[in-house]
Amino acid sequence: MLVTIRPAPGGIGGVIAAPPSKSMAHRAVLCAALAVGRSHITHLEFSKDISATLSAAAQLCAAVDTGADDATVQGLGHFLPLTAPVDCCESGSTLRFLIPIASLTGQPVTFTGRGRLMERPQSVYEALYREQNLRFEQSPAGLTVEGALTPGDYRLAGNVSSQFISGLLFALPLLPGDSTLHLIPPVESRSYIDMTRAVQAAFGVHSRWLDETTLLLPGGQQYRPCDYNVEGDYSQAAFPAVLGAVCGGVTITGLAPDTLQGDAAILDILRRCGAVFTRTGDSVTFAKAPLHGVDIDLADCPDLGPVLMVLGLLCEGTTVIRNAQRLRLKESDRIAAMEAELRACGGVLESDGGTITVHGCAERLHAPAAPLHGHNDHRVVMSLAVLAAAAGLPLTVDDAEAIQKSWPGFFADAAPLGVEVEDA
Ligand SMILES: O=C(O)C1=C[C@@H](OP(=O)(O)O)[C@@H](O)[C@H](O)C1
Ligand SMILES: C=C(OP(=O)(O)O)C(=O)O
């Protein structure tokens, strides 16, 4: 889908609600599916990723009944015989959270995916499965695992993806013995590990840090059903937040002040850049202010990367984004994708491995003659939409349907802010 995005003639300003947290919703659905009994999950958005997790839960071990923005998930207490592969669509979370759960089912489980999913690394699991002599077969067509994981000591890299650690956290406590995860430092996306633990705790499953890199997962635990309300999503709120910091007049609702989401760091980052905003309860309101570049560590908040690259172009001076290497392993190589598209608009930026340097150049930016590419990546498309609206450029972008992966209502929700989107 090719769209042209531009600010409305009346300019930018208005109120937008943060959509439900995708990361928390994945976790709540899986914990509910593993519990025996009925859980009610409220404040859900049926993005492609969350729909993939709900379908997989229904295929594996739960009866799922969806409403307009909620779902009842009835964990059955046993795994169902599988007659078809589990389709994870393009969701890395769905696939990596489910692999260890599949090993509890006592049957071979094949996962399929789309887009770049099957090219994203699974090496951390592959090594663990090989150590335990379990089947782990990956090809571009799919990934099959078979055999039961055993409780015990696991050593795994802490910096490829926290989703491997979350996956083990979901499954290992259901085994009869205790397990220990020894994470090889550096441990990145740590907040996502703690988010998994917090959602599990709401469903009655507990683990604890023994030290900075060691997690103890007591065995013999059971998930208990729970009514769970999903928080607003700071990763998504980052898009209107950057727009608000640049243009002013934007209020974002539904942002819990007391959150485990690492991407809440967007507010601290913007404040350091000079952004002016006030918080009233769950709402944050931005006023227009001059912004300057800062040094940003992305190790714990990788999903902020693309929109922070846009922010850097609109700040005075230089923005340096460090520890961003994992951006290369997402729905696209987000560093290369954003560099290409921002340069096409006159942006000045460079990268060296995991370090991105962005030079403030608001006055040089222009709308290119040819359409920009969305790289089939929701965060690339949404970041380019923020650039169009914040810099006042009519930008034509392809692959706009990629927003369905995480925020299907993004364009409709951004319209009241003065972000105009039309088919090109
Ligand atoms: O656990 C999660 O919900 C996520 C973890 C992060 O991945 P990595 O730990 O692979 O960086 C993040 O990028 C992803 O969008 C969601
Ligand atoms: C990388 C993302 O998700 P996942 O890893 O679950 O595909 C994302 O939402 O940006």
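The basis for the numbers below is simple: all heavy atoms, side chains too, and nothing from hydrogens, waters or symmetry mates. The shown structure was predicted, so the numbers you read here are calculated from the model rather than taken from an experiment. First listed ligand is number 1; within each ligand, the first listed atom is number 1.
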* To do: Starting from atom 11 (O) of ligand 1, locate the nearest protein heavy atom and write down its residue, its atom name and how far away it is, to 0.1 Å.
  => Arg326 NH1, 2.5 Å

* Where is the nearest protein heavy atom to atom 14 (C) of ligand 1: which residue, which atom, and how far? -> Asp303 OD2, 3.4 Å

* To do: Measure centre to centre between the rings of Tyr223 and Phe203, then say whether the value is under 6.0 Å.
  => no

* To do: Give the residue and atom name of whichever protein heavy atom lies nearest to atom 2 (C) of ligand 1, and the separation in Å to one decimal.
  => Tyr192 CD2, 3.3 Å

* Provide, to 0.1 Å, the distance between atom 16 (C) of ligand 1 and the closest protein heavy atom, together with that atom's residue and name. => Gln163 NE2, 3.6 Å

* Taking non-hydrogen atoms only, is His26 closer than 4.0 angstrom to ligand 2 via side chain, backbone, both or neither? -> neither

* Mutual orientation of the aromatic rings belonging to Phe277 and Phe286 [parallel < 30°, tilted 30-60°, perpendicular > 60°] -> tilted

* Has Ser166 got any heavy atom lying under 4.0 angstrom from an atom of ligand 1? -> no

* Structure fact -> Of all protein heavy atoms, the one nearest atom 7 (O) of ligand 1 is Lys330 NZ, 3.2 Å

* Under 4.0 Å from a heavy atom of Ser23: give me the atoms of ligand 1 that qualify, with their elements. => 2 (C), 3 (O), 16 (C)

* From Lys48, Arg116, Lys330, Arg120 - option closest to atom 5 (O) of ligand 2 by heavy atom -> Arg120

* **Identity and distance of the protein heavy atom lying nearest atom 10 (O) of ligand 1** => Ser161 OG, 2.6 Å

